[in-house]
Amino acid sequence: MAIGAREFIDKLLVEKYAQEKVDNHNEDALVSKVSADDMMYAMNASAMTYKNMIQLNSRLTSVCYGVVSKSAKYNEFAGSRS
């Protein structure tokens, strides 16, 4: 199994960029741009929002079931045939 470009356009791109050099290995490349505390705060806020949404959804579902059951009209069924 050969490694490399198989299609014509890929071969052209490989030829074009084969000699290009990239120099982005500086000290700042590995330093995080976001504070760890800020990230943890954002993750906690997101998790709490999701938890509240789940709890609210559960409560709303319970209330809706209650409303439906109270508004339902049940017909009495006579089980015996006369």
Exercise. From L56 CG over to T49 OG1, what is the distance, rounded to the nearest 0.5 angstrom?
Worked result: 12.0 Å

Exercise. When rounded to the nearest 0.5 angstrom, what is the spacing between CG in N57 and OG in S62?
Worked result: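 One gets 11.0 Å once the value is rounded to the nearest 0.5 Å.
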
Going by the rule side chain to side chain contact (heavy atoms under 4.5 Å, CB included), which residues pair with [X] if we only count those two or more places apart in sequence or in a different chain?
X   : result
S46 : none
V68 : none
Q55 : K51, N52
Y50 : M53, I54

Exercise. Which ILVMFWY residues are connected to V34, directly or by a chain of links, through side-chain heavy atoms under 4.5 Å apart?
Worked result: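 When side chains under 4.5 Å apart are linked, the cluster holding V34 also contains M39, M40, M43.
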
Problem set entry | S69 (side chain) donor-acceptor with Y65 (main chain) under 3.5 angstrom | yes

